Amino acid sequence: MSEVGYSYLDELNDIQRQAASCIDGPVMVIAGPGSGKTRVLTYRIAHLINKGVIPGNILALTFTNKAARDMKDRIERVVGSKAQRVWAGTFHSLFARILRVEAHRIGYPNDFTIYDTDDTKSVISEIITQMNLDKKVYAPGVVRSRISAAKSNLITPKAYIINDELMAYDKMARRPLIHLIYEKYAARCLRAGAMDFDDLLLQMFRLLYQNPDQVREKYQRQLQYLIVDDFQDTNYLQYEILKLLTIYSGSRNNICIVGDDAQSIYSFRGATIENILQFEHDFPELQTFKLEQNYRSTQFIVEAANEVIHHNKRQIQKKIWTDRIEGNKIKIIKAATETEEGKRVADTIIEQKNRFNLQNKDIAILYRTNGQSRVFEEQLRRYNIQYRVYGGLSFYSRKEVKDLIAYMRLTINDKDDEALKRVINYPRRGIGESTIDNIAQLADDNDLSMWEVLTKIEFNNRSRKSIGDFVTLIRAFKAKAVKSNAYEIADYIARNSGIIELLKSDKSIEGLGRMENIISLLDGIKEFVEDDEIQLNEEMDKDKSLSTFLQTISLMTDADQKEENPDTVTLMSAHSAKGLEFKSVFVVGLEENLFPSYMALSEGNQIDEERRLFYVAITRAEELLTLTYANSRYQYGSMRYNDPSRFLEEITDKNLDSIISIHKKEGFPEPKILGNFRPLGSKKPMISVNPGDFVAADPKQIKPGMEVIHLKFGQGKVISVDERMVASIVFDGLDENQDKRIMLQFAKLQIVE
DNA sequence: GGGGGCTATGGGGGG
DNA sequence: CATAGCCCCC
């Protein structure tokens with residue numbers, strides 16, 4: 001027996017331990033799904049700290065803020081509270097925090113506003129109008145994504161014009177003036193003291209690039225150990241920033257990237273796997289580790305995932321394997337319509353909860369588009385199953401919440417024209433559209449913000465008094481902001497802007513809901529002010545300003561919101577599910593034109609990415625995986641009939657439950673045997689029941705002592721029936737000591753004569 | 001300046 | 001199906 005005590009490194013397998021303890025020089029970790037990536041990251045950072053590295057010198061970039069928080073908490077369990085001093089967060093949130101200290105160096109106010117996608121589109125839309133361009137040709141959304149793509153590739157407006165490829169593409173798409181819109185948009189944002197999401201990266205780059213002495217060197221010294229999770233989803237610009245922080249004279253190149261090319265699913269926002277190849281080129285002395293053992297999922301799931309991803313050509317060679325050979329095969333459910341799909345998923349959830357003793361939180365429904373959540377919500381409500389929908393319209397994107405926030409934004413940064421336009425006539429104070437247009441035009445002509453126009457120019461039209469009142473109001477808010485904390489200001493604004501008064505007068509159910517949202521926004525700000533959790537480093541710990549609050553919520557996603565009810569079924573997009581795991585996963589809507597999305601099918605080479613997304617979705621499952629599709633569904637007002645997804649065909653029968661084959665040409669025969677899940681751990685074969693011969697009995701006839709047949713469990717004996725119509729039944733194929741509690745109102749049972 | 005009703009059109013993923 | 005944008009009327 002060794003005298004050396006237990007070490008946290010003992011909890012890792014060989015390759016994990018090597019990856020975690022190789023802390024000098026560049027490291028690349030290729031981590032398959034469920035391969036203990038988070039564990040490696042956690043122990044790597046803990047190891048660094050135990051070796052004497054100061055926590056504040058470690059920068060860990062994660063994909064979500066929640067992932068960062070979870071990671072810090074795990075590290076804390078190993079090294080104690082100093083773990084909280086590690087710089088951990090998303091690229092966007094950490095850079096936003098740095099820019100809040102440094103932005104003045106590159107011409108922005110430190111209290112800059114963050115423009116969300118709506119703000120951006122609205123600015124672009126206004127520019128397009130002013131340029132007299134056709135909004136059908138120059139659709140603001142399309143223009144925005146071109147600009148976003150340019151920024152993600154570090155292409156400035158000047159560089160855009162001389163980029164033949166971009167210009168040729170725009171010309172071909174009959175949008176040759178995008179570069180001009182881009183230029184004007186950038187100028188507008190600067191004038192408004194606003195950064196969009198891409199700017200948080202781009203301006204961070206500029207800051208470091210243009211200030212080598214004062215700033216870059218400071219952060220190079222500060223952030224000596226870089227760890228980048230989900231590196232496959234970083235874009236060119238993000239990588240260039242990482243290089244500015246890492247590559248310099250005397251650097252030890254302590255950068256560790258962790259990723260999986262097979263899980264790259266964000267190319268639509270500029271992510272490129274080229275970064276992995278480039279990394280090998282930029283750091284030739286790097287050490288590579290491949291984590292190939294999957295600890296998450298059973299063999300059927302791992303094998304199916306391998307089968308699917310094998311259809312992609314370009315990938316880093318690896319073989320994901322598991323030793324969890326027990327388990328249930330993958331179940332495919334076919335439904336006639338989207339409603340039936342919802343019903344059958346809800347039924348299966350009830351069944352799984354009963355049979356496998358699952359809680360709601362063990363279960364997730366994953367879909368390709370957020371719009372698919374509705375039918376599942378309806379069916380889960382019918383059964384009174386608690387659920388939570390992630391994504392879609394988040395709290396902070398509700399109109400009334402945005403309205404109040406716009407007042408706060410304007411109070412903090414009066415150059416924020418988008419906020420000003422939102423509130424100048426809300427609640428109505430008689431400043432109409434033409435007046436607002438006039439103000440916007442004056443602002444543009446004189447290169448002023450709209451607020452400057454309001455305060456510096458004498459208005460002689462009939463809006464004059466209204467404008468004066470509005471200016472007085474905002475000035476009062478600004479005065480209040482000087483001497484109060486975030487909650488006091490917000491409360492003051494809510495009361496004095498007229499928003500609360502307006503909402504109170506609306507007695508409809510929706511109106512009450514809106515009022516509740518305003519109250520919970522204020523509660524949220526109060527909580528923010530009173531929260532004593534340590535954040536990042538001391539310099540920023542005590543910053544409870546309204547400005548910090550606004551920044552925090554701009555970068556917050558649904559997943560970052562605290563859970564009110566911890567035991568809920570999770571409904572989310574396959575994208576949002578990245579990094580998560582559940583005992584039972586339903587991947588729904590597996591149809592051509594939906595998953596894979598028709599956008600991917602029509603625009604050519606995006607099938608591989610859809611397949612990676614499907615790969616991500618199915619590898620979230622630990623034990624039970626159910627794939628569903630509907631023959632028809634309502635899409636955009638009309639009934640659509642889609643073929644089953646090609647991805648279903650890529651899983652071979654040996655990993656599929658029952659004998660379902662999908663023959664596209666011949667239609668889709670009913671499966672011969674409906675699901676025959678085995679309970680986890682059971683080795684007994686199930687009795688299968690042919691649904692064709694099955695006749696369900698009236699639930700009221702089911703009495704104790706009867707022999708019954710259940711479509712999924714096979715034959716069994718009814719032990720008891722209670723007043724809620726819940727029957728206790730012992731099934732022949734299952735563990736005889738373990739009765740199943742079947743809800744008769746849902747289950748269909750045939751009585752054996 | 002404000003509100004209501006009609007028509008055309010979009011159509012994904014998210015920080 | 002949703003909703004943005006438009007026109008028309010008060």
Side-chain angles (χ1 to χ4, degrees), chain A residues 61-68 89-96 114-118 120-122 125 129 135-136 139-142 144-145 148 151-152 195-202 204 230 233-235 237-238 264-271 338 366-372 374-375 390-394 396-397 399 425-437 461-463 466 551-560 572-578 589 593-603 606 609-610 612-614 616-617 633-640:
Chain A
L61 293 158
T62 55
F63 200 71
T64 62
N65 290 307
K66 183 170 180 295
T90 62
F91 278 87
H92 290 88
S93 66
L94 288 172
F95 293 172
I114 297 173
Y115 273 177
D116 65 18
T117 310
D118 287 343
T120 297
K121 277 201 233 169
S122 147
S125 181
T129 307
K135 281 234 176 71
K136 304 229 165 59
V142 174
R144 191 203 71 93
S145 58
S148 171
K151 287 184 174 179
S152 305
M195 297 194 197
D196 64 21
F197 291 128
D198 302 306
D199 279 326
L200 296 175
L201 309 175
L202 184 61
M204 180 70 192
D230 285 313
D233 286 324
T234 56
N235 61 36
L237 172 55
Q238 286 167 318
S264 163
I265 56 175
Y266 279 98
S267 75
F268 71 91
R269 60 183 216 214
E338 69 209 304
L366 308 181
Y367 33 75
R368 179 65 181 80
T369 67
N370 284 313
Q372 286 166 257
R374 218 191 65 208
V375 278
Y390 292 77
L393 252 202
S394 86
Y396 294 104
S397 48
K399 185 190 172 297
N425 199 32
Y426 182 84
R428 302 249 143 79
R429 45 175 74 90
I431 304 175
E433 204 177 326
S434 52
T435 308
I436 297 171
D437 285 349
N461 61 17
R462 59 184 162 136
S463 303
S466 308
Q551 177 197 296
T552 309
I553 60 172
S554 302
L555 299 173
M556 202 148 73
T557 63
D558 267 21
D560 297 319
M572 58 169 53
S573 68
H575 279 95
S576 312
K578 188 171 84 163
N593 297 314
L594 184 58
F595 201 165
S597 116
Y598 89 101
M599 303 280 273
L601 294 175
S602 60
E603 282 170 33
Q606 295 176 35
E609 176 143 325
E610 294 290 308
R612 290 192 292 268
L613 182 59
F614 181 62
V616 167
R633 70 174 64 235
Y634 270 105
Q635 280 175 301
Y636 315 109
S638 59
M639 187 70 89
R640 301 289 188 94

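Naming convention: chains lettered A, B, ... in sequence-line order (proteins, then strands); numbering from 1 in each chain. The structure presented is a predicted model; accordingly, all values stated were derived computationally and were not measured.
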Range-with-range stems for DNA chain B, at least three Watson-Crick or G-U pairs under 3.5 Å: B:1-10 with C:1-10
In whole Å, I'd like the distance from the [atom1] atom of [X] to the [atom2] atom of [N].
{"X": "A:Asp196", "N": "B:dG15", "atom1": "CG", "atom2": "C1'", "answer": "11 Å"}
{"X": "A:Lys66", "N": "B:dG15", "atom1": "NZ", "atom2": "P", "answer": "13 Å"}
{"X": "A:Phe268", "N": "B:dG12", "atom1": "CZ", "atom2": "P", "answer": "13 Å"}
{"X": "A:Phe91", "N": "B:dG14", "atom1": "CZ", "atom2": "P", "answer": "19 Å"}
{"X": "A:Leu366", "N": "B:dG12", "atom1": "CG", "atom2": "C1'", "answer": "16 Å"}
{"X": "A:Leu237", "N": "B:dG15", "atom1": "CG", "atom2": "P", "answer": "17 Å"}
{"X": "A:Leu601", "N": "B:dG12", "atom1": "CG", "atom2": "C1'", "answer": "12 Å"}
{"X": "A:Glu609", "N": "B:dG13", "atom1": "CD", "atom2": "C1'", "answer": "9 Å"}

Residues that A:Phe614 engages under ring-ring contact (aromatic ring centres under 6.0 Å, His included), provided they are two or more places apart: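 Here the qualifying residues are A:Phe595, A:Phe647.
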Distance-only donor-acceptor test, A:Asn370 side-chain atoms vs B:dG13 base atoms, 3.5 Å: no
Polar side-chain contact A:Glu610-B:dG12 base: donor and acceptor under 3.5 Å: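 By the distance-only test, yes, there is a pair.
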Exceeds 12 heavy-atom contacts within 6.0 angstrom, atom NZ of A:Lys66: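 Incorrect, the count does not exceed 12.
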Under 4.0 Å between any heavy atoms, over every strand shown, what does [X] touch: base, sugar-phosphate, or nothing? Just pick one.
{"X": "A:Asp116", "value": "nothing"}
{"X": "A:Ser573", "value": "sugar-phosphate"}
{"X": "A:Arg640", "value": "base"}
{"X": "A:Thr117", "value": "base"}

Checking [X] now: which residues fulfil side-chain hydrogen bond (donor to acceptor under 3.5 Å, both in side chains) with it, not counting sequence neighbours?
{"X": "A:Gln551", "answer": "A:Arg100"}
{"X": "A:Lys121", "answer": "none"}
{"X": "A:Thr64", "answer": "none"}

Distance under 6.0 Å and angle within 45° of ring axis: A:Lys578 vs A:Tyr266: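 Here A:Lys578 fails the 6.0 Å and 45° test against A:Tyr266.
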Gap in Å between the two C1' atoms, one belonging to B:dG13 and one to C:dA4, rounded: 22 Å
Closest approach of A:Asp233 to A:Ile265 (non-hydrogen atoms, all atoms of both residues):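 Result for this residue pair: OD1-N, 3.2 Å.
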Nearest to side-chain heavy atoms of A:His575, which nucleotide of B:dG15, B:dG1, B:dG13: B:dG13
Boundaries of the DNA chain C segment in contact with chain A, non-hydrogen, under 4.0 Å: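 The contacted stretch runs from C:dC1 to C:dA2.
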